[in-house]
Protein chains: 2
Amino acid sequence: MGELTKIRAPKRKTKHAGVDKADLPLGQILTGDCVAAMRKLPDASVDLVFADPPYNLQLGGDLNRPDGSHVDAVTDDWDQFDSFALYDKFTKDWLTECRRVLKPDGALWVIGSYHNIYRVGAILQDLGFWILNDVVWRKTNPMPNFRGTRFTNAHETLLWASQGEKSRYHFNYRAMKTLNDELQMRSDWTFPICSGGERLKDDAGHKAHPTQKPEALLYRVLLATTEAGDVVLDPFFGTGTTGAVAKRLGREWIGCEREAVYRKVAHARIEKELPLDESALATMQSRKSQPRVAFGAVVEAGLLKPGAEIFDKKRRWKAKVRADGSVECGKETGSIHAVGKNLQNAPSCNGWTFWHYEDGGEVKPIDAARGLYLLAAED
Amino acid sequence: MGELTKIRAPKRKTKHAGVDKADLPLGQILTGDCVAAMRKLPDASVDLVFADPPYNLQLGGDLNRPDGSHVDAVTDDWDQFDSFALYDKFTKDWLTECRRVLKPDGALWVIGSYHNIYRVGAILQDLGFWILNDVVWRKTNPMPNFRGTRFTNAHETLLWASQGEKSRYHFNYRAMKTLNDELQMRSDWTFPICSGGERLKDDAGHKAHPTQKPEALLYRVLLATTEAGDVVLDPFFGTGTTGAVAKRLGREWIGCEREAVYRKVAHARIEKELPLDESALATMQSRKSQPRVAFGAVVEAGLLKPGAEIFDKKRRWKAKVRADGSVECGKETGSIHAVGKNLQNAPSCNGWTFWHYEDGGEVKPIDAARGLYLLAAED
DNA sequence: GTTTTCTCTGAATCCGCAC
DNA sequence: TGTGCGGATTCAGAGAAAA
């Protein structure tokens, strides 16, 4: 079993000795300006930066909806810059510091809108960062353009960049493909804006932060470009979405935030967050870094009993598990992949994600059983 | 009544005398480098620029480094700084020339990918252009990422910018809303890439141009931001998608293209293109472009009689119509708009849709009476 | 309890002519 | 160049309130 453990270990190149995590302020929100705060961190100590900097919106007067109600705009001091030059300097400063604290094979994400993202992108390139993708967050429910003067501004842009052209950044290709129903994950992601129960409120019931990002966005970012145990730094921590999702996904986090109010809200929020258990995380592992597991071995181990019923998500087909790890559905018999493929008349089928089973009243893909198997194999 | 008809014509401001179109090389493809070619055009002569600049750094042999030294683009081994600086200079040059030939209320579109669009966007802002939207072209059928190393690069970005913050760019809001099934057109557009019969082939059957854009994209751009008769300039004409769609939509066009092969293909293509007839070109017009009608004129015409009662939809307020077109509600008197605004204590009010009247037992907004007035005026 | 209607709100560079 | 004012302009989703 020792061999499985070895194979399973995250396949991160450790060419660079790295910093002892004990020397890092993990799970802490550093106070003050983010550039000053980051100076306290050692070189090459962080696996990923996620940054949601001020957008430098340059708003005119008030704006009303057609029904006369007033739009609550982002007019906070932290978003005010007197010129592009000042914004550029600010951007260059924090990006430079991020570059220093990032490991050579680390990566950086920045989110922005057309107001700032072109400046950020150009500066990023000037500093030597290498853009890997620009990703579009399509909002299902953007604020309309109330005056009918432009296209509805229905998206924001994320930049994903490595330290340089040759750096060996980390990308969980398989996890993304699985998440996207066995199609390659595209550069356009569709999520609603953060509202409802997820939107943090202050004591008076007002939104705690004007620009809180949806957790689903961070979830995908962290799942795609980090492994459990990695250190994620967020220089503009706000109300701590990055920290909350990092904790849930078993990643370490460090935040920087100037405003005491936001820090307080973030601490309370993250305190409540519960990490997912390891089996749930295991299903998200990249296939490349996992040993191949035969379905038969899972059956053999008793995680799915011979005779058990498995079914596709929509329960259009049911199949019976046989002792040798083959499955049977009417006249079709064979491997989980072959039967799934033939039933759907599809060119191929990933049986691990196609077939599901019930475990304690819950429907799970049989991939979860494989996760449990691997977990057990580690001991 | 001819006067009303005249007022109805599209309301383009001609504050600036403008250039006689006869002095422009309409329907021509200018040869040579686009900056040199554009120098032949007069100032403020073009309504719209659509540009699809190259984003690789192989720009040809006629470029110089910022220090003036000559560069052989194909063989020179640039460092990253040099190549970005060179690309920036190139970008600044052609954008500056576009800015000169554009009318003060003209606008510019640029399309690009993450390789170049951040540089273009930042330079555009530095030159004084005012970004109106960034628009994402989502490809329904992008090329997959074969090596599984990144997200599928499934989109390109268009920037739409006016000459400056205060400039009065043109936007066919109603036409876009109609095109999008009566919902505001969003900043993300979904089209397939250019392929099949639309993709131009050379004599050997190979694609004539590596980055031919789909006509649907240009169709939407031109429909959204130009009127029939407007002059559209494309500094990187390629195989002439802009020209073909412009001709079809009854817009004038000017192209610049260095490569004789592309010019030849473009000419042949545009030659075959047929303009839509005028009735097909008609688009939904905004209320803004309709003639202004005084409420008094509606009263005068007898469509609403002095002394008649008007009320808001929920009948919270009632007002009396007076002979001069003012209305009275308790202590409030004045225009339909001012009284509606004051009663609701709102920042503004459109009296035409706020106030209602009864006509044959039916409740209608007084806007319906305006409609009748305009209908009568057309005869 | 259930269904329907109303109300509120979200990173927004959000008017233009006449005087 | 500023000021006044006519009047054009909104989508999805959550939650509360009403039916």
Side-chain angles (χ1 to χ4, degrees), chain A residues 52-76 78-81 84 111-117 137 139-157 192-199 201 205-207 209-214 238, chain B residues 11 13 15 105 125 129-134 161-162 164-166 168-169 171 173-174 177 180-187 285-290 292-296 314 325 334-341 346-355 366-367 370:
Chain A
D52 182 10
Y55 287 7
N56 188 26
L57 300 184
Q58 297 168 40
L59 304 178
D62 281 0
L63 180 63
N64 295 301
R65 298 185 182 79
D67 65 5
S69 63
H70 183 252
V71 175
D72 183 18
V74 179
T75 51
D76 305 64
W78 50 253
D79 200 44
Q80 303 302 316
F81 295 84
F84 279 138
I111 182 167
S113 66
Y114 68 85
H115 310 87
N116 71 323
I117 201 67
W137 167 28
K139 303 179 184 183
T140 57
N141 50 353
M143 190 186 301
N145 180 293
F146 296 116
R147 302 299 292 263
T149 55
R150 303 181 181 189
F151 299 100
T152 306
N153 189 9
H155 73 275
E156 294 187 23
T157 301
I193 59 176
C194 181
S195 68
E198 190 185 323
R199 189 84 194 211
K201 304 288 196 303
H206 300 121
K207 56 187 175 192
H209 192 283
T211 70
Q212 187 183 338
K213 295 294 177 289
Chain B
K11 205 174 168 185
K13 308 302 165 299
K15 289 196 305 189
D105 291 342
Q125 291 179 310
F129 282 104
W130 192 250
I131 298 180
L132 298 166
N133 277 115
D134 55 352
S162 67
E165 182 175 0
K166 300 293 177 196
R168 294 192 229 165
Y169 58 91
F171 181 50
Y173 175 75
R174 265 310 307 177
K177 189 167 175 177
N180 196 38
D181 210 13
E182 290 305 310
L183 287 179
Q184 287 191 338
M185 185 68 79
R186 299 167 40 114
S187 56
Q285 295 299 312
S286 157
R287 291 303 275 280
K288 289 176 198 162
S289 62
Q290 291 197 2
R292 183 168 285 231
V293 176
F295 183 59
K314 293 183 183 167
S335 75
I336 48 174
H337 314 293
V339 171
K341 173 185 140 183
S348 73
C349 170
N350 182 340
W352 291 108
T353 49
F354 176 72
W355 294 109
I366 59 174
D367 200 32
R370 176 168 59 167

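Throughout, a chain's letter reflects where its sequence line sits, starting with A, and its residues are numbered from 1.
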Sugar-phosphate, base or nothing in reach of B:Lys341, heavy atoms under 4.0 Å: nothing
Touch class at under 4.0 angstrom, heavy-atom based, for A:Asn153 against every strand present: sugar-phosphate
Touch class at under 4.0 angstrom, heavy-atom based, for A:Thr140 against every strand present: sugar-phosphate
C:dG10 phosphate, OP1 or OP2, under 4.0 Å from A:Lys207 side-chain N/O: yes
Stacked pair B:Trp130-C:dT13, distance under 5.5 Å, angle under 30°: yes
Closest nucleotide among D:dA14, D:dA8, D:dT9 to the B:Trp352 side chain: D:dA8
Donor-acceptor pair present, A:Arg199 side chain and D:dG13 base, under 3.5 Å: no
Touch class at under 4.0 angstrom, heavy-atom based, for A:Asn64 against every strand present: nothing
Selection from C:dG10, D:dG13, D:dG7 that lies nearest to any side-chain heavy atom of B:Ser348: D:dG7
Touch class at under 4.0 angstrom, heavy-atom based, for A:Gly197 against every strand present: sugar-phosphate
Touch class at under 4.0 angstrom, heavy-atom based, for A:Trp78 against every strand present: base
Sugar-phosphate, base or nothing in reach of B:Arg186, heavy atoms under 4.0 Å: nothing
Nucleotide nearest A:Arg65 when distance is taken to its side chain, options C:dT9, D:dT9, C:dA12: C:dT9
Touch class at under 4.0 angstrom, heavy-atom based, for B:Cys349 against every strand present: base
Rounded distance (nearest 0.5 Å) linking atom CD of A:Glu156 with atom CD1 of A:Ile193: 9.5 Å
Sugar-phosphate, base or nothing in reach of B:Leu183, heavy atoms under 4.0 Å: sugar-phosphate
Sugar-phosphate, base or nothing in reach of A:Pro214, heavy atoms under 4.0 Å: nothing
Closest to the A:Arg147 side chain, choosing from D:dG7, C:dG10, C:dG16: D:dG7
Sugar-phosphate, base or nothing in reach of A:Lys213, heavy atoms under 4.0 Å: base
